[in-house]
There are 2 protein chains.
Amino acid sequence: MTFDYNQKQPVYEQLVDELRKSIKENYQPNDKLLSEREIMKKYSVSRNTVRQALNELEIIGYIYRQHGKGTFVANWATNNSKIGDEYSFTEQMKALGKKPETKILEYSILNANEYFAKRLNLSPGTKIIKLKRLRKADGLPMMIDRTYIPYAKFSTLSVEDLEVNQRALYSIFLEDFSEKVKLADEDIYAGICSEKDAGTLGILVGSPCLMLRRTTYNPKNEIIEYTISCARGDQFVYNIKYQH
Amino acid sequence: MTFDYNQKQPVYEQLVDELRKSIKENYQPNDKLLSEREIMKKYSVSRNTVRQALNELEIIGYIYRQHGKGTFVANWATNNSKIGDEYSFTEQMKALGKKPETKILEYSILNANEYFAKRLNLSPGTKIIKLKRLRKADGLPMMIDRTYIPYAKFSTLSVEDLEVNQRALYSIFLEDFSEKVKLADEDIYAGICSEKDAGTLGILVGSPCLMLRRTTYNPKNEIIEYTISCARGDQFVYNIKYQH
DNA sequence: CAGTGGTCTAGACCACGCC
DNA sequence: GCGTGGTCTAGACCACTGC
């Protein structure tokens, strides 16, 4: 068995796909996998390529390796959800089997005041876009996002894409504006719901809520987004998985 | 310049240290680094080794690479705190310049009831250790942890180590019991403080608080810890950084 | 076009776990 | 001693960037 070297996808990625398929079909958790040298022979690739593929599989939690013993299949219970990705409402709701939905409550262009200028690392007065979104799951209001992004970078952002096509904001950043999220810095804390948001979320004023504050950076360390979210405390659980 | 091949530390790790030092002393953010081939010559190592070192530096956010252009120094503002690590109260408080302190409120051995047996994946009635800890920062009570671990694995756990030596639980797991944390699964949600905890934390009953529920797994997918924490909403902020 | 990072090969030795 | 994963080398070609 060999791979196609003329494809756009590198060989080690093709190998990752092959191994994933093979594991899915033929292995149980904690089974011993083929050794690196056996994989070399089977797929006619060099050891470096095998190790590159195995590294990927290790990172996504599909396998674990033990020096002197071998490579083993990890328990996939841990593999259904993405690990180490920044928070995505849509992804989390899907993982819970709920139907996510996003409604745009506000889209406006404003001049940054002192506070938002500082948060976005811009000069006060610079134009920014404010986006207020209501997130629902199975029809139930779950959280309100207030997102602030620099107008200069995203002037042609289409509200229709967000609402009608229900595209994820980060997909639009990446696909339409080539802005890659390199780092997301999140603060999570407990708070009390404001009167305004309580009405929108359909809960009592003063109910406990989960507050999220997020700043995201591109590879050049420019800030591409600042978001404050308020989630209802009686419904919303934020889940993270850390892999080592 | 060459490296010592007889050291326990692999050459690429030595190269990582060298490059970190060099970057710290001679480079500014977004400066262009030596090319991979120049590093090869300078340190007399092969390209693979250089790339292994650069991969590490990329993962910890020290550098970023651009195909066809070069390798660049990232802004270290993002590098002071560890990225992608599971939550550690002690580490976070240190990062904020606060003095962390842990007080053991309870250490007991009990038989797991239905609930905890399920959470730890044990049979009901199995012996487990309960550990209740109060976390303070600069003398101020911040959160209460209730940790449940299987007695079979950690029967010789020393409370003195935790309290007098202020050792981190995970260091003890790793160093004294060879239990490595492979995956941490955390739920974060907003809640209301119980009467009992309100007294300990010095806040009013019914105050909003941040609740954390954590399950950690070793590489074999055995559960090594289940912890529920309650943090005061007026003081405590949970910070995470995601790197891509 | 030259220079960069991205991928790949073939072969070597070491360190660890197990019999 | 043998098989495993971990590290390392020397050399090659490709794809992308910018002049």
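- Tested against B/Asp145 for a salt bridge (Lys or Arg N to Asp or Glu O under 4.0 Å), the candidates B/Arg214, B/Arg133, B/Lys132 yield a single pass: B/Arg133.
- When the side-chain nitrogen and oxygen atoms of B/Arg51 are compared with OP1 and OP2 of C/dG5, none of them lie within a distance under 4.0 Å.
- The separation between B/Phe72 atom CZ and C/dG3 atom C1' is 12 Å, rounded to whole Å.
- The distance between atom CD of B/Glu13 and atom P of D/dG6, rounded to the nearest whole Å, is 13 Å.
- Between D/dG6 and A/Arg65, a contact under 4.0 Å exists linking OP1 or OP2 to a side-chain N or O.
- Distances shown here put a side-chain N or O of B/Thr49 below 4.0 Å from the OP1 or OP2 atom of D/dT9.
- Side-chain atoms of A/His67 lie closest to D/dG6 of the nucleotides D/dC8, D/dG6, C/dT9.
- We find that CG of A/Leu34 is positioned 14 Å from C1' of D/dG3, with the value rounded to whole Å.
- Between the CD atom of A/Glu38 and the P atom of D/dC2 there is a distance of 17 Å, rounded to whole Å.
- Checking each of B/Thr215, B/Thr216, B/Leu120 against B/Glu225 for a side-chain contact (heavy atoms from CB on, under 4.5 Å) leaves exactly one that passes, namely B/Thr216.
- In this structure, the OH atom of B/Tyr64 is 20 Å from the P atom of D/dC16, given to the nearest Å.
- With C/dG5, C/dT4, C/dT9 as the choices, the nucleotide that has an atom nearest any side-chain atom of A/Ser46 turns out to be C/dT9.
- Nucleotide D/dC13 holds its P atom 18 Å from the CG atom of A/Asn48, rounded to whole Å.
- For A/Gly68 and A/Met40, each mapped to the nucleotide of DNA chain C holding its nearest heavy atom, the one lying further toward the 5' end belongs to A/Met40.
- Relative to the six-membered ring of B/Tyr115, B/Arg119 meets both conditions, a distance below 6.0 Å and an angle of at most 45° to the axis.
- Contact between the side-chain N/O atoms of A/Lys69 and the OP1/OP2 oxygens of C/dC18 is found at a separation under 4.0 Å.
- Atom CD of A/Gln52 is separated from atom P of D/dT7 by 15 Å (rounded to the nearest Å).
- Taking side-chain N and O atoms only, B/Tyr12 has a distance below 4.0 Å to OP1 or OP2 of D/dT7.
- OP1 or OP2 of C/dT4 lies within a sub-4.0 Å distance of a side-chain N or O belonging to B/Ser35.
- Under the 4.0 Å criterion applied to side-chain N and carboxylate O atoms, A/Glu58 and A/Arg65 are assigned as salt-bridge partners.
- Taking 3.5 Å as the limit, the base of D/dG3 and the side chain of A/Arg37 contain no donor-acceptor pair of atoms between them.
- Ion pairing between A/Glu179 and A/Lys153 holds under the 4.0 Å rule for side-chain N and carboxylate O.
- Residue B/Thr71 places at least one side-chain N or O under 4.0 Å from the OP1 or OP2 atom of C/dG5.
- Atom CZ of A/Arg47 and atom C1' of C/dT9 are 13 Å apart (whole Å).
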